Novice: 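Sharing a structure with you now.
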Amino acid sequence: MKKLIYILILITSACELVIDVDQPPFQPSIVVGSFIGTDTTITVNLSEDRDVLERPNEFNPITGATVRLFQGNQLLGMLEEVEIPEPMDVNSNELRGRYGLDFRPTAGVEYRLEVEKEGFASVHATDRLPAIAPEFEVVDMELDDLYDSEIDLRILDQPGRDYYEVRVYLSISQVASATFDGNTEEWTINRIARYTRPIDIYTENIAVEEHNVSIFSDRLFDGRSYELSLETYIYIHEQDEPKIDRNPVLTVEVRRVSEAYYNYVNSAALQWWVDGDPFSEPVQAFSNVENGRGIFGSYVSTRQDFPLDVD
């Protein structure tokens, strides 16, 4: 009996092993977020990363940084920090840490971004815009009331490895009203504003879905045309008064994106899919930022507009 007790003690005592590991203190680095294209000026978002043991809902923006854009060894400009317009909440992180430059990049050209901020290691990233805008045609469009709408695209691919992203937008005019009631005067202001918003799209093709976009490579159809079927829903709020011509427009945009752009969005989508799944392996987000984290990606795009009949 004593031997049995000794064996049980040895077995149970060997179930726990504590190892002390000396881990250096966490040093935050700069996180860069920027997609540059020929259709818009330069915008860069900066924030600091967090310890792997922390899971914050939002990241701290980095203000007061020095951000430079280069083409080769030529400095194209210093990005200016975007000022938060009044009366917006100055404590809001939505716009803080955003930098801009009134410059539109050129297709096929390589650009380098450099960021410096006291207390952080300097970071840099490089990417080349695709040389040719994508070619596509809308083969069919069935826009039913509210739901079950379908858009069929045919992408005319060129030989060589390419990466594509598809987006769909809805633009519509709406009436915004404001009434002022003072001690001595009263007046009403009506204005017609144009709003553009991305709409959800889904597909059963080879594309990966991520935040209202579909992204994929031409690995399976290199140098040939490829048809992509998108499912979505179109919702337009009807207004009886006042009667205005809103002219809703559906915009289909196809982007040819850089490899870095594709790898980042693809990894972000995979992260979203496995989040909370205890049986899946963790996905490391792609980064092309040296000494830091994040993405400096690029694209060229082609758009087609389709006026809608709301009647």
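Along the sequence shown, the residues carry numbers beginning at 1. All heavy atoms count here, side chains included; hydrogens, waters and symmetry mates do not. A quick note: this is a predicted structure, and the numbers were derived from the prediction, not measured.
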Novice: Using side-chain hydrogen bond (donor to acceptor under 3.5 Å, both in side chains) as the criterion, list what pairs up with Y111, not counting sequence neighbours.
Specialist: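 Listed in chain order: nothing, the list is empty.
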Novice: Kindly indicate whether the side chain of L79, heavy atoms from C-beta on, has any atom under 4.5 Å from the side chain of I42.
Specialist: yes
Novice: For Y261 and E165, test the side chains for any donor-to-acceptor distance below 3.5 angstrom and give the result as yes or no.
Specialist: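 Looking only at side-chain atoms, E165 and Y261 do form a donor-acceptor pair, the distance falling under 3.5 Å.
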Novice: Could you tell me if the side chain of L228 sits less than 4.5 Å from the side chain of F216, heavy atoms only?
Specialist: yes
Novice: Can you check side chain to side chain donor-acceptor pair (under 3.5 Å) on Y299 and D39, steps first, answer last?
Specialist: CA-CA 9 Å; Y299 67 91; D39 59 346; 2.7 Å; yes
Novice: Please confirm whether the backbone N or O of G294 pairs with a side-chain atom of S287, one donor and one acceptor, at under 3.5 Å?
Specialist: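 Present.
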Novice: Which heavy atom in L101 sits nearest to a heavy atom in M78, and how many Å separate them?
Specialist: CD1-O, 3.8 Å
Novice: Mind checking whether M141 and E150 have side chains closer than 4.5 Å, heavy atoms only?
Specialist: no
Novice: Side chains of Y264 and N288: do they bring a donor and an acceptor to under 3.5 Å?
Specialist: no
Novice: Is the shortest heavy-atom distance from the side chain of L46 to the side chain of V31 under 4.5 Å?
Specialist: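 No. Closest side-chain heavy atoms not under 4.5 Å.
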Novice: Within the distance-only criterion (no hydrogens, no angle test), does the side chain of D152 pair as donor or acceptor with the backbone N or O of V138 below 3.5 angstrom?
Specialist: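 Looks like no, no N/O pair under 3.5 Å.
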Novice: Output the distance between atom CD1 (I199) and atom OG (S149), rounded to the nearest 0.5 Å.
Specialist: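 Answer rounded to 0.5 Å: 8.0 Å.
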Novice: Is the backbone N or O of E259 less than 3.5 Å from a side-chain atom of N263, with the two atoms forming a donor-acceptor pair by type?
Specialist: yes
Novice: Can you tell me which residue pairs pass the salt bridge (charged side-chain N to carboxylate O under 4.0 Å, His left out) test with a partner in residues 212-225, sequence neighbours excluded?
Specialist: R161-D218
Novice: Shared ILVMFWY cluster between I155 and V139, side chains joined below 4.5 angstrom?
Specialist: no
Novice: Can V168 and L250 be said to form a side-chain contact (heavy atoms from CB on, under 4.5 Å), step by step?
Specialist: CA-CA 7 Å; V168 180; L250 186 71; 3.5 Å; yes
Novice: Is the shortest side-chain N to carboxylate O distance from R112 to E114 below 4.0 Å?
Specialist: yes
Novice: Keeping S34 on the side-chain end and T43 on the backbone end, is there a donor-acceptor pair under 3.5 Å?
Specialist: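 Confirmed, S34 side chain pairs with T43 backbone.
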Novice: Could you state whether Y99 and F35 fall into the same hydrophobic cluster, counting links through intermediate Ile, Leu, Val, Met, Phe, Trp or Tyr residues with side-chain heavy atoms under 4.5 angstrom apart?
Specialist: no
Novice: Output side-chain donor-acceptor pairs under 3.5 Å for residues 124-136, partner residues at least two apart or in another chain, one line each.
Specialist:
from, atom 1, to, atom 2, distance (Å)
D127, OD2, S258, OG, 2.6
D127, OD2, S298, N, 3.0
D127, OD2, S298, OG, 2.9
R128, NH1, G108, O, 3.1
E135, OE2, Q158, NE2, 3.4

Novice: What about I151 and L170, same hydrophobic cluster or not, with Ile/Leu/Val/Met/Phe/Trp/Tyr joined at side-chain heavy-atom distances under 4.5 Å?
Specialist: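 Looking at the clustering, L170 is in the same group as I151.
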Novice: Would you say I36 and F296 make side-chain contact, with heavy atoms under 4.5 Å?
Specialist: yes
Novice: Please answer: with hydrophobic residues joined when any side-chain heavy atoms are less than 4.5 Å apart, are V166 and V300 in the same cluster?
Specialist: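 No, V166 and V300 fall in different hydrophobic clusters.
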Novice: Does any non-hydrogen side-chain atom of F306 lie less than 4.5 Å from one of V252?
Specialist: yes
Novice: So does P28 get a backbone contact from the side chain of D49, meaning a donor-acceptor N/O pair under 3.5 Å?
Specialist: no
Novice: Would you please name every residue forming a side-chain hydrogen bond (donor to acceptor under 3.5 Å, both in side chains) with Y164, sequence neighbours left out?
Specialist: D157, R256
Novice: Name each donor-acceptor pair under 3.5 Å that joins a side chain in residues 63-76 to protein atoms two or more places apart or in another chain, with its distance.
Specialist:
none

Novice: With S214, which of V254, L230, L153 fulfils side-chain contact (heavy atoms from CB on, under 4.5 Å)?
Specialist: L230
Novice: To the nearest 0.5 Å, what is the distance between OG1 (T251) and CD (Q304)?
Specialist: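 The distance works out to 10.0 Å.
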Novice: Is the shortest heavy-atom distance from the side chain of I295 to the side chain of V32 under 4.5 Å?
Specialist: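 Counting from C-beta outward, I295 and V32 never come under 4.5 Å.
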Novice: Within this structure, what is the OG-CD1 distance for the pair S47 and I30, rounded to the nearest 0.5 Å?
Specialist: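 The OG atom of S47 sits 9.5 Å away from the CD1 atom of I30.
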Novice: To the nearest 0.5 angstrom, please state how far the CZ atom of R293 sits from the CD atom of E48.
Specialist: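 Output value for this atom pair is 12.5 Å.
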Novice: To the nearest 0.5 Å, what is the distance between CZ on R98 and CG on N45?
Specialist: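 Answer for the CZ-CG pair, R98 versus N45, is 5.0 Å.
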Novice: Tell me, do Y226 and L156 make a side-chain contact under 4.5 Å, heavy atoms counted?
Specialist: no
Novice: Taking side-chain hydrogen bond (donor to acceptor under 3.5 Å, both in side chains) as the definition, give me every residue that meets it alongside T40, ordered by chain and number, with sequence neighbours left out.
Specialist: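 Partners of T40 under the side-chain hydrogen bond (donor to acceptor under 3.5 Å, both in side chains) test: none.
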Novice: Would you name the heavy atoms of F221 and S217 that are closest together and state the gap between them?
Specialist: CE2-O, 3.5 Å
Novice: Going by atom types alone, do Y169 and E253 pair a side-chain donor with an acceptor below 3.5 Å?
Specialist: yes
